[in-house]
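What follows is one structure encoded as structure tokens, with my remarks underneath.
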Amino acid sequence: MRVPSCLGPNVYPEVPDGGWGWAVAAAFFLVEVCTYGTLKSLGVFLQDLMEEFGESNSRVSWVISICVFIFTFTAPLSTMLSNRFGYRPVVMMGGFLISLGTITSAFTNSINEMYITIGIVSGLGYCLTFLPTVTILAQYFSRRRALVTSIASSGESFAIFAFAPAFTTLKQHIGWRYCLVVLGTFQASVIGCGLLLRPIIIEPEPVKEDNESDKDSLSLKQLQTVYELENEQTRTSISSGVSRGSEDSGVTSLSASNVDLRTAGAETKALVEWELQDKEGREPSLSTPPSPVKEKDEVEPAEVEAGPLKPSSPKLMDFSVLKDCAFIWYSLFGLFATLGFFAPQIYIIELSKSRGVEPNMASYMLSVMAVAEIFGRLSIGVVLNKVRCRKTLLLLVCVVLLCLVLVAFTIVWEFWGLVVCCALYGYFMGTVGSTHIPMLAEEDVVGIQKMASSVGVYVFIQSFAGLAGPPLGGVLVDVTQNYGAAFYSCAVGMGLSAICLGLVGPAKSGMCQRQCRKKEEGKNLEEEQKISQESDQTDFLEVDLAPEDSPVRRAVDQDSASVI
């Protein structure tokens with residue numbers, strides 16, 4: 001039964017860099033709005049939750065912290081389910097869980113209940129939705145991957161820009177609880193995004209050749225095969241004659257090998273028939289093919305499965321990337337950088353209020369961040385699409401500048417100073433946030449072939465920093481009574497991430513050099529073995545074909561007589 005074209009996978013001769021990939025990019029844009037965009041906009045409700053439940057900053061911030069932790073900690077589960085059931089059903093289930101968790105949180109009576117609704121239920125939905133979408137988007141694009149991913153991921157920035165002032169105004173009319181109901185209903189649109197995630201299959205078109213060239217190449221192949229088989233049989237028979245201590249100078253061995261040559265001719269004929277069937281595209285016969293063909297058939301599937309997009313049965317979970325030193329350093333970069341990904345958006349409104357900014361104007365700080373983040377995402381996509389140097393070096397520059405901006409938040413007190421800091425933070429946050437996951441597909445890190453298995457492990461390692469980031473900032477705020485203290489932990493984490501990212505390049509270069517040395521050693525060993533085999537065969541021929549009165553012949557005869 002043929003799968004309908006609107007639901008089945010897309011088959012392309014090569015990575016399309018477009019096509020249905022644009023529909024996947026639109027789906028990823030909306031997924032970004034409903035996941036990271038929503039998560040970073042929940043700081044609008046921070047003060048309302050503190051007043052409603054009578055809790056401190058650190059206790060309320062645990063809602064977002066648990067959500068981020070579940071979001072990232074369950075990344076291997078998302079990868080496993082996607083490999084088992086496909087991207088489409090996993091994303092649709094994630095959209096349902098996001099909507100369910102947000103709507104039920106509107107009817108909670110304590111902060112502990114919100115830990116379950118938003119923290120666990122919605123957090124799991126975020127993971128099942130985001131990772132499969134970004135993975136399949138990377139498969140639809142190659143040359144323009146960085147640019148398209150940056151544009152599609154700007155949905156997060158548009159969400160922050162729109163949600164912050166909208167929910168600030170809306171909660172004054174209907175309250176924060178009904179705002180969450182409206183938000184959860186909107187997040188149900190992710191279920192429809194899952195329908196757009198059609199799998200992609202790359203099947204290169206076969207190269208068509210003229211019949212004459214096929215016949216010529218096949219005839220040359222036949223002659224080469226016959227020559228190799230006859231040569232091999234001749235060598236074997238000569239060697240066997242010497243080992244039996246024969247006294248006929250190899251002539252008897254050559255004549256006795258006629259049976260072997262006839263057998264070789266039959267094998268050659270079978271080999272030619274098998275290749276003719278393969279050339280004409282017919283099904284091979286049920287007879288057993290020659291052994292060289294078997295070895296070829298056993299090797300080819302492994303080479304086909306090595307392709308990134310060839311349909312195969314992938315492992316449910318693959319932790320082999322942990323053997324890659326470059327991936328380890330890159331994962332540590334993501335671990336420490338996550339400390340600065342969420343806390344600034346959560347505490348920027350309260351920081352602005354504590355420094356004399358009016359509440360209505362303070363909510364626009366998130367909007368300033370969002371607009372600048374859009375420009376950051378678009379610009380980094382254009383730059384990465386054109387540069388020829390290592391892309392991790394460009395990412396490193398952005399991380400260092402982002403660390404300096406986080407330090408600036410702790411010393412700025414004026415309104416316009418905060419606006420400038422928010423704009424710079426948003427810009428560099430856009431450059432880092434839109435590229436750190438798709439960067440795994442680059443050869444600088446792991447490559448597109450290991451993208452599907454490495455993204456789950458990478459985000460899993462990030463989860464521990466996502467759990468500690470917002471509460472750590474809340475504890476510093478409660479202890480110092482200064483919202484600027486929350487940005488210290490972010491700056492420290494971002495500085496450590498810059499160090500780890502700087503070590504990715506040397507680790508990758510060292511690993512490549514070790515692989516090259518191993519290949520060279522393997523080639524040298526093979527050459528030595530071939531030389532030794534050729535020298536052994538030459539010795540056998542010299543002994544067997546030597547005259548009877550020669551010293552070499554007499555020595556061999558004496559050895560044979562002594563053995564008898």
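In what follows, every heavy atom counts, from backbone to side chain, and hydrogens, waters and symmetry copies are set aside. If you're wondering where the values come from, they're calculated on a predicted model, not measured in any experiment.
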Take E414 and R355, measure what salt bridge (charged side-chain N to carboxylate O under 4.0 Å, His left out) needs, and give me the verdict at the end. CA-CA 7 Å; E414 298 179 356; R355 295 186 177 178; over 6 Å; no
Short question: side chain of T410, backbone of V407 - any donor-acceptor pair under 3.5 Å? yes
Side-chain donor/acceptor of K508 to backbone N/O of V445, under 3.5 Å: yes
Is the F130-Y36 ring centre distance short of 6.0 angstrom? yes
Is there a donor-acceptor contact under 3.5 Å from the side chain of R377 to the main chain of S153? yes
Can you check whether R143's main-chain N or O pairs, donor with acceptor, with D17's side chain at less than 3.5 Å? yes
So with a 6.0 Å cut-off around CZ of F415, is the heavy-atom count from everything else above 12? yes
Parallel, tilted or perpendicular: which fits the ring planes of H436 and F333, with parallel below 30° and perpendicular above 60°? perpendicular
Other residues, nucleotides, ligands: >12 heavy atoms within 6.0 Å of F29 CZ: yes
Parallel, tilted or perpendicular: which describes the rings of F69 and F73, with under 30° parallel and over 60° perpendicular? parallel
Taking CZ in F161 as the centre, count heavy atoms belonging to other residues, nucleotides or ligands within less than 6.0 Å. Is the count above 12? no
Check for a donor-acceptor pair, side chain of S497 on one end and backbone N or O of M494 on the other, with a separation under 3.5 Å. yes
Using a 3.5 Å distance criterion without hydrogens, assess whether the side chain of E156 forms a donor-acceptor pair with backbone atoms of E32. no
Is it true that a side-chain atom of T38 and a backbone atom of V33 form a donor plus acceptor pair closer than 3.5 Å? yes
Do the side chain of S99 and the main chain of F96 share a donor and acceptor less than 3.5 angstrom apart? no
Quick check: does any side chain N or O of S331 sit under 3.5 Å from a backbone N or O of F327, one acting as donor and the other as acceptor? yes
L196 backbone acceptor or donor facing W20 side chain under 3.5 Å: yes
Would you say the side chains of T72 and Q462 form a donor-acceptor pair under 3.5 Å? no
Which class fits the ring pair F186 and F163: parallel under 30°, tilted 30 to 60°, perpendicular over 60°? perpendicular
